[in-house]
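Presented below is the structure to which this report refers.
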Protein chains: 2
Amino acid sequence: MAEAIAYDLRREILRGTLVPGETIKERENAEKRGVSRTPMREAIRILAQEGLVQLRPLRSPVVANPSLKEIIDQVRVLHALELLSGELACATATEAEIARIGHLKDEIDRLCDIIDSVDLFELDMQFHAAIVAASHNQALIETHRAYMARLWRARYLSARIRRTRRRVLRQHGAIHRALAARNPRRTKAEIDAHFAPMYKNIESHFKTSEDSGGN
Amino acid sequence: MAEAIAYDLRREILRGTLVPGETIKERENAEKRGVSRTPMREAIRILAQEGLVQLRPLRSPVVANPSLKEIIDQVRVLHALELLSGELACATATEAEIARIGHLKDEIDRLCDIIDSVDLFELDMQFHAAIVAASHNQALIETHRAYMARLWRARYLSARIRRTRRRVLRQHGAIHRALAARNPRRTKAEIDAHFAPMYKNIESHFKTSEDSGGN
DNA sequence: GCGGCTGGTTTGGTATACCAGATTGGACCC
DNA sequence: GGGTCCAATCTGGTATACCAAACCAGCCGC
């Protein structure tokens with residue numbers, strides 16, 4: 001149940017229903033959802049662990065309002081995790097897994113201009129998660145998932161930028177080909193190329209929207 | 001308070017007082033420590049997040065008993081995190097931080113054959129944590145700390161191997177010099193060299209002690 | 001009028017009570 | 001004698017009650 005509450009809260013935070021910087025009062029939110037404080041508390045801890053809310057001793061938790069540097073820092077870690085995934089996956093991925101990665105890439109190609117950006121973004125996350133899953137490294141999979149959750153908002157806002165979509169598609173294809181060729185060096189290079197624009201996108205979006213910066 | 005309980009539990013797990021595979025009953029352990037179930041539950045969640053205990057829905061949590069593969073997987077992630085730390089630290093570390101890393105190295109050199117292996121290991125962890133801290137990347141610091149906690153036992157057992165100590169000392173020096181030279185490529189290479197034996201050490205120790213393997 | 005203090009209220013932290021599913025031990029049947 | 005079923009009990013999950021610290025508003029003194 002706590003997991004379900006965390007899921008709802010997470011969506012609300014990432015969609016912006018719960019504004020960054022705002023407090024989350026246990027009682028209030030608990031009874032709004034018709035549950036007790038106990039699972040609500042647990043849900044908040046889960047989100048705190050993901051970095052979406054910030055706990056303060058003896059104070060109400062607040063929705064995290066990460067600064068640009070914090071987001072970039074987190075992207076750097078995510079980047080490193082995906083590099084490791086790509087390297088490992090070259091050695092450990094099954095042909096079926098590589099095929100599924102290719103299929104996801106094709107799906108993204110096909111639906112790119114049809115479906116809305118949220119659904120498209122979900123597909124993009126699945127593509128990346130599939131690569132990580134192909135590493136067959138459970139710890140890596142879990143840590144990567146945690147960072148994906150934490151960065152959902154920032155990555156989503158970055159991925160909206162239409163101008164870069166065609167490039168993203170090309171890069172997905174390149175990553176898939178490098179994986180299929182079982183070439184770790186090329187795979188890592190392509191993942192690097194895929195991440196490179198993200199730093200700039202996030203930065204520029206942060207500058208323009210400027211809804212935050214402090215905690 | 002939950003944090004304090006988690007601290008105690010963590011020590012007991014890592015020292016082996018709580019045997020891997022054993023269940024941790026909330027009521028039992030709570031009243032043994034004279035606290036309520038509520039903070040005990042929270043402590044258990046913290047440790048579960050660290051990977052030291054394993055939660056099972058509607059079942060008692062059990063002390064994690066990681067298989068060799070799981071440990072190696074985690075070391076791989078730790079390895080990647082430290083590589084990233086080294087690379088970033090070359091650009092971001094202050095001279096004072098590099099000096100502190102060098103000082104920790106000297107301390108380890110000096111006390112290597114004097115103090116007991118637990119204290120020595122604490123110093124080793126400080127050395128590595130100092131490098132990560134020099135990256136000035138909070139997310140990286142936190143994730144690294146989580147993996148250090150998770151791998152405490154395995155790394156400790158590996159570090160006990162006296163035969164390799166001299167090599168470890170040399171590698172610490174090499175890492176420090178590469179950092180001081182602000183040379184990312186060399187830093188990463190030296191960190192690689194430092195990690196390489198760990199995989200084998202853990203594997204060989206796992207084979208000999210053979211207290212586990214399953215979950 | 002303004003700042004600091006104070007009491008009531010809010011809120012997170014902890015303890016306790018209750019519930020439903022899981023476990024287990026034993027009795028019963030084959 | 002072995003297997004199966006059932007109930008007493010144990011255990012995690014949830015709800016509620018209580019406490020102490022933090023917040024806030026209004027009051028008092030300057």
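Chain identifiers are assigned alphabetically (A, B, ...) following the order of the sequence lines, protein sequences preceding nucleic acid strands; residue numbering begins at 1 within each chain.
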Base, sugar-phosphate or nothing for A/L55? Non-hydrogen atoms, less than 4.0 Å.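 A/L55: no heavy atom of the nucleic acid under 4.0 Å.
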Near DNA chain C, under 4.0 Å by heavy atom, which residues of residues 3-13 of chain B? none
Residues of residues 30-51 of chain A with any non-hydrogen atom less than 4.0 angstrom from an atom of DNA chain C: list those, numerically ordered, please.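 Of all residues in residues 30-51 of chain A, the ones placing a heavy atom under 4.0 Å from DNA chain C are A/R37, A/R41, A/R45.
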For A/R165, enumerate each residue passing the salt bridge (Lys or Arg N to Asp or Glu O under 4.0 Å) test, keeping only those at least two apart in sequence or located in another chain.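 For A/R165, no residue satisfies salt bridge (Lys or Arg N to Asp or Glu O under 4.0 Å) once neighbours in sequence are set aside.
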If you round to the nearest 0.5 Å, how far is [atom2] of [Y] from [atom1] of [X]?
X      : Y      : atom1 : atom2 : result
A/H172 : A/K105 : NE2   : NZ    : 10.0 Å
A/D106 : A/L169 : CG    : CG    : 10.5 Å
B/I101 : B/H128 : CD1   : NE2   : 11.0 Å

Assuming nearest nucleotide by heavy-atom distance, tell me which of A/R56 and A/M1 is located more 5' along DNA chain D.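 Result of the comparison: A/M1.
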Here the distance between atom C1' of C/dT14 and atom CD of B/E26, to the nearest Å, is 14 Å
What N/O pairs connect the protein and nucleotides 19-23 of chain C at under 3.5 Å? Give each pair on its own line.
| from | atom 1 | to | atom 2 | distance (Å) |
| --- | --- | --- | --- | --- |
| C/dT23 | OP1 | B/R59 | NE | 2.7 |
| C/dT23 | OP1 | B/R59 | NH1 | 3.1 |
| C/dT23 | OP1 | B/R59 | NH2 | 3.2 |

Only one of A/H144, A/K188, A/H194 passes side-chain hydrogen bond (donor to acceptor under 3.5 Å, both in side chains) with A/E82, and that residue is A/H144
In terms of the angle between their ring planes, are A/W152 and A/F121 parallel, tilted or perpendicular, with boundaries placed at 30° and 60°?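 Aromatic pair A/W152/A/F121 classed perpendicular.
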Sequence neighbours excluded and cut-off under 3.5 Å, please list the side-chain donor-acceptor pairs for residues 15-31 of chain B, or say none.
| from | atom 1 | to | atom 2 | distance (Å) |
| --- | --- | --- | --- | --- |
| B/E26 | OE1 | B/R37 | NE | 3.2 |
| B/E26 | OE1 | B/R37 | NH2 | 2.9 |
| B/E26 | OE2 | B/R41 | NH1 | 2.9 |

Does the pair B/E95/B/R182 count as a salt bridge with the N-to-O cut at 4.0 Å?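 B/R182 and B/E95: salt-bridged.
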Is it true that, when you exclude B/K200 itself, more than 12 heavy atoms of the residues, nucleotides or ligands shown sit nearer than 6.0 Å to its NZ? no
B/Y199: partners by side-chain contact (heavy atoms from CB on, under 4.5 Å), with sequence neighbours left out: B/I72, B/V75, B/R76, B/H79, B/F195
